Amino acid sequence: QEILSLFENTAASRKAHLHACLVYYRSSEDFLTAEGTLTGEIVSEKGEMGYGFDRIFWLPTEKKTLAQLPQSQRDGYSPRVQALLALIEQLRGEEHV
């Protein structure tokens with residue numbers, strides 16, 4: 001509700017980005033980082049699934065909020081999942097070195 005109240009009585013852009021960054025830390029000289037980003041818009045609450053921003057985060061490509069998508073589809077958009085998969089790929093790449 002607080003986020004939605006910021007947009008009341010304003011013509012400000014509702015474009016939004018969810019961003020996640022993961023760090024796999026081994027030492028100050030040895031660490032890996034990975035990121036994930038999801039771009040969408042802030043809208044009035046729609047949907048019943050998910051948590052946090054899911055009910056107000058609109059995906060223009062889906063014409064739905066995250067909360068209107070099934071869990072399996074929502075996970076595919078998650079910046080946290082994107083970052084984790086990227087980090088796993090980096091770790092797997094090290095196995096071949």
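As the structure is a prediction and not an experimental result, all values here were calculated from the model. In this chain, residues are counted from 1 in sequence order.
Residue R74 holds its CZ atom at 11.0 Å from CD of Q68, rounded to the nearest 0.5 Å. Between the CG atom in L32 and the CG atom in L91 there is a gap of 5.5 Å [rounded to 0.5 Å]. Remark: Q82 CD to L22 CG distance equals 11.0 Å, nearest 0.5 Å.
Nearest heavy atom pair, residue G36 against residue A83, reads N-CB, 3.8 Å. Nearest heavy atom pair, residue A34 against residue L87, reads CB-N, 3.6 Å.
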Applying side chain to side chain contact (heavy atoms under 4.5 Å, CB included), run through Q71 and D75 and close with a yes or a no. CA-CA 6 Å; Q71 181 70 47; D75 286 347; 2.5 Å; yes

Between W58 and K63, is a side chain to side chain contact (heavy atoms under 4.5 Å, CB included) present by the stated rule, with each step listed? CA-CA 7 Å; W58 180 260; K63 296 184 176 33; 4.0 Å; yes

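For T39, the side chain to side chain donor-acceptor pair (under 3.5 Å) criterion is met by H17, not counting sequence neighbours.
R55 is not listed as a side-chain neighbour of F53, based on a closest heavy-atom distance of 4.5 Å or more. Side-chain contact check for L66 versus L59: some heavy-atom pair is nearer than 4.5 Å. For the pair E35/C21, a side-chain contact is recorded, criterion being any heavy-atom separation below 4.5 Å from C-beta on. In this structure, the side chains of L18 and P79 come closer than 4.5 Å at one or more pairs of heavy atoms. At a threshold of 4.5 Å between non-hydrogen side-chain atoms, the residues L38 and F57 count as touching. Inter-residue side-chain proximity for E89 and L85 is flagged as unmet; no heavy-atom pair is nearer than 4.5 Å.
Side-chain N or O atoms of R26 include none that pairs as donor or acceptor with a backbone N or O of F31 at under 3.5 Å. Judged purely by atom type and a 3.5 angstrom limit, T33 has no side-chain atom pairing as donor or acceptor with the backbone of V23.
No more than 12 heavy atoms of other residues, nucleotides or ligands sit less than 6.0 Å from atom NZ of K64.
Residue V81 is not grouped with residue I88 when hydrophobic side chains (ILVMFWY) are merged at heavy-atom distances under 4.5 angstrom, including chains of intermediate members.
Counting only N and O atoms by type, the side chains of Y77 and E62 include a donor and acceptor under 3.5 Å apart.
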